[in-house]
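The structure appears below as structure tokens.
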Amino acid sequence: MAETSVVRSMNSLRYHVRHRTAYRYSGRIDLYHGLVHLRPREDEGQETLAHRIEISPEPRVRVEREDSFGNRTCYFSVEQSHESLEVVASMTVLRPETSATLPDSGIAWDELRVGAAEKDASGVRLANFQLPTAAFPSFASVADFLRPSLVPGREAMALVNEVSSRIYSEFKYSPGATDTGTPLETVVKLKKGVCQDFAHLMIAALRSVGIPARYVSGYLETQPPPGKPKLQGADASHAWVEAWTPATGWVGFDPTNNVLPAARHVKLAHGRDYFDIQPVKGIFLGTGKQTLLVEVDVERM
Amino acid sequence: MNGIIDAPPGPLAARVPPELYRSGQGLRDEAVLPDGTPAPAWAEFFESCQRHGAPGLREWRETALRISRDRGLAYRPDRGEGPDWTLDPIPWIFSPEEWGVIEAGVAQALRLASAVLADFYGPQRTLDQGLVPVSIVLGHRGFLRALHDLAPGDAALGLGLAAFDLARGPDGSAFVLNARFDCPYGIGVALENRTVVNRVLPNLFHRCQARRIGYFFTQWFDYLASCSPSGTGSPCIVILDSDAEGESSEIAFLANYCGITRVLPSDLTVRNGSVWLKALSGLMPVDVIWKATHGRDLDPLEASWRWTAEGVPGMFEALRRGSVAVASHPGAEVLETPGLFPFLPSLCRELLGEELILSPAPTWWCGDAASRSHVLANLPKMVVKSVGHHSDFRTCYGQRLSSAELEELKARIEAEPERFVGQEELAISTVPTSRGGELVPRGAVLRSFSFLDAKGRPHVMPGGLGRVSTAEGVIVSTRESGESKDIWVRSHALDAPISLKRRLERTQVISQEVVPSRRGENLYWAGRYAERTDAIARFANRLVVGRSAGFQYGRELETRHEKTLVRILFSVFEAERWLVDAKEPDERLGLVLANSKCPAGIRANLSAFHRACMAAREEWSLTSILAIETARDRWFANAAEEFESPYRYERELQNLALNLAAFHGLNLDSMTRDEAWGLLDAGCRLERASILAGLLASLLEAGEPPAMGTLLNESALFVSDSLGTFQSKFHSVPTTGLALRLLLGEEDYPRSMRYLLDRLEAMLGKLTPPARSRPPHERIAPMRRDLDAFLARLGDGKDFSADVSAEALAVLNSIRDRLAALHDDLTTTYFSHADYHG
């Protein structure tokens, strides 16, 4: 397999992440089924020193498993009557302190061909990351956006990086403008969205020209404004993209911030789109409305 | 009837007379050979047609339509909209030799599908080897990646039941048009068609030595039972359906025939990693599920393609644990893509080492450059289909498109070619179909049903569902309306009936009979709404009769009586606010007789009654269904929604009362006295007691002086269906005291409160409440005590003071409140399972 072009240093950054999801219900809930992707992957140089998921009330069933992309999932069911439910994931993660540089794939985007049987270094078939999904049922919606970047013969990673930069400069980061059900067409039309929309947009654009691309969920350490203390819970779940070429393997891009993810990006999971690896997904049975509170703290130790 | 043979096959003219049947021009006909003589399998059929002539054909058709209508099957193919399909009584007949080829072909197609599915959800060697384009499989909306670790074979995930749509081309060879594995519709219709056609043409059926299909269902049941992971002798098997309204009643027919409980997603719950059925007696573990719903809707927790609350969350987890078996594999929909068609011959060679027997319809996948050129060059002759990615593309028939539409389609294919296939529109063979007194040729498709048992042996139903287009032409689409047919497979010898030994064996494995809570709740509500409708109809009758005949008490009094009676009615059903805007007597009566939303009106309650009944249609006999349908249909057809003069309704009120009485009578007569019946009865009694308490309390609150009071008492007795009883018992004007004596205290009188409470206590006492619940019927004893105390005070009812009246009011109000609390208790204990903690 190709050698990674991210330059590794001997030092590592150590993060403590606390991700709290709290539901409150207006009535009583008798049954809650949850599926979470909250355990960091332990590959590509990332190490998990400690990890814990606390769920209250106490689940009757709780199972950890690996999904088909190698992510750690946890299924649980809370079967006692409750009015609030909390899932708190705490983890200590070691990230290699790297300074990312854009690798050269040595191949033009319009010459890249991926065979049906071809797999990535972890043994997952690349075709999984080349197809439309429910999140972007057609690539047609991104064709106009992508067209200006499709210079024939351009090196593939340069193209990928330009798509990332263009999303950063042409789209406005605007929480609340979209939700998880907003179709990609709408995002393209509004020119607004959040990290998840930008990741989907970039993935659809890359796949439309045959470049394997996958969705990554995780956390990003944020810096408080100069002179201000860092606020508790001010961080959020983050999402970015990885693209693949034969010479480079998977390379990360963060279109929301126009950076190449490095030490400050803590990776949880990857999949074909958001719905494969939703950090916390749950279905409750009972009457009443729910209010949801999510708090994420990423602290460098 | 089957034992009687009416005549030996008579000598038929060598050729089928053109006045009897003229087969299609230039198309192959199933019944007539090119030389004009009948195909051997059809000889008896034509002979019979000739003998009975046009009147016979007309009668067959009408009889079939009548029987199937009465049996109440509504079949909308693929749950589409539009009109129901109808049944054509003319069977599609196959010779044993023809069928032999089809049977072998279907069995092979089924084994192939099973092997392909195992590979797709397992090692995916077919993708590595390029036997199938990867995008067709991994891009299909029914390919459930969450099940990658659950290949068929594990946790008894098989194909469950498969349907192949077959047609025959001009050269007589059969080919596959569609394959359905996910939720193949039509098997209930096939069963139903057989039942009906067997009654229309019993002699012909016998003379043709057509094979029976019952054994296929027996084997299918045995297969489902054998999937049970618990390995107990009487596994809990359920059919998971998605429709509460009984629209998909073919599944209800199937479930009934096989003796399997039909459930909806909301009837099931996953707890402690297992699937449970919410039954009247609490949660029951489910062993085997055959789903008639889409696999991708099965578990909303893990179906990543969209958020849906329609399924059973946690189901995939239960599957992984092996605590439940689901036949068929929830991810089997991927096998339905026509994108696989071009690759089936090589898959068959590779996976089974055999040559494919039944060719799929000629199909070109546009992801392949040469195939794409072929499709685009012949677009006006093509049927273009989606390979089943996430998209809303509907099948396009090239010949029906304008040139602008063809251009648009071409652009769409060129933009994303791997998402489309083109199929050549084929000249399929025709079969004789009745139209009035004539036989006409119609393009026909056979839907064949089959399954692989737990040992991998294929079983093909010796029959199936025939479908013909309504108009001439060759396109038979499941989405458009058409007619269905029975399929007759001839044999050289009469089928041996299922042996006694076999039947005895069968009793070893029976599915537990379970009443799901939802069905119980619907029965309970059916009882309540029936009683409510009945009471309102009697109120209305009293009002209408009073208007037309008068009560001879004088106009002023009668007007006031009418107004008070209406107010009482609306107060009993807590609908007083509806009276605010109804100033005129006719407006008030209109609310009761014509308005479809008013809770004190007939329409709303009759609709609710019908809905509750249909949601529990498994419980009714065919005659009961007829009574239910007639009660609603007649009222809706004949009692105008725009209120007209009240006299128009008199006759319909009588009919309604009669139909509801028939419903109650039939239930008494035909239902087993099980828990379901107990809840229906409890619903009736509880409603009747509540209405009675409300009625009498309103009456006492009104506190009218003698003349008006007497008239109101008479009305109350009439509304309680007790006026006649009162008159024969007391020979007196109805005083309040005597009316209360009868309606509250009369022993062994089904209209008295005392009787109703006793009966409720007895009925509810027979239900088994879930463990650790307080039995709801314990609430009745205190009501009885209060009532008895009051009855002692009332004595013979002849002296009725203001004090006694006040006590009566207090008792009635307290009974009313306690009945409401009893209702809440019943709901939480038996229906909602809200407080079950395992």
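Atom set for the values below is all heavy atoms of this structure, side chains included, hydrogens, waters and symmetry mates excluded.
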(request) Return the option, out of B:Val134, B:Leu138, B:Asn272, with the maximum number of heavy-atom pairs under 4.5 Å with chain A. (result) B:Asn272

By a 4.5 Å heavy-atom criterion (distance strictly below it), what part of [X] contacts chain B: side chain, backbone, both, or neither?
X	answer
A:Asp67	backbone
A:Phe139	both
A:Arg28	neither
A:Thr133	backbone

(request) Applying salt bridge (Lys or Arg N to Asp or Glu O under 4.0 Å), run through B:Asp128 and A:Lys119 and close with a yes or a no. (result) CA-CA 10 Å; B:Asp128 287 341; A:Lys119 318 251 165 59; 3.3 Å; yes

(request) Mark yes when over 12 heavy atoms from residues, nucleotides or ligands other than A:Arg24 sit less than 6.0 Å from its CZ; otherwise mark no. (result) no

(request) Answer yes or no: does atom CZ of A:Arg65 have more than 12 heavy-atom neighbours from other residues, nucleotides or ligands under 6.0 Å? (result) yes

Which distance, rounded to the nearest 0.5 Å, do you find between the [atom1] of [X] and the [atom2] of [Y]?
X	Y	atom1	atom2	value
B:Glu317	A:Phe76	CD	CZ	12.0 Å
B:Phe316	A:Leu35	CZ	CG	11.5 Å
B:Thr269	A:Leu31	OG1	CG	4.5 Å
B:His140	A:Leu131	NE2	CG	12.5 Å

(message) For A:Ala140 versus B:Glu416, what's the shortest heavy-atom pair and its separation?
(response) N-OE2, 4.4 Å

(request) Could you list the residues that satisfy side-chain hydrogen bond (donor to acceptor under 3.5 Å, both in side chains) with A:His33, not counting sequence neighbours? (result) A:Tyr75

(message) Suppose we screen for side-chain hydrogen bond (donor to acceptor under 3.5 Å, both in side chains). Which residues come up paired with A:Ser68, at least two apart in sequence or across chains?
(response) B:Arg145

(request) Would you mind telling me which of A:Ala116, A:Gly271, A:Ser138 has the largest number of heavy-atom pairs within less than 4.5 Å of chain B? (result) A:Ser138

(message) Is the shortest side-chain heavy-atom distance between B:Arg419 and A:Pro132 below 4.5 Å?
(response) yes

(request) Evaluate the side-chain contact (heavy atoms from CB on, under 4.5 Å) criterion for residues B:Arg321 and A:Val61: first the C-alpha distance (whole Å), next the side-chain angles of each, then the deciding distance (0.1 Å), finally the verdict. (result) CA-CA 12 Å; B:Arg321 293 173 161 237; A:Val61 175; 3.1 Å; yes

(message) What part of B:Gln129 gets within 4.5 angstrom of chain A, counting heavy atoms only: side chain, backbone, both, or neither?
(response) neither

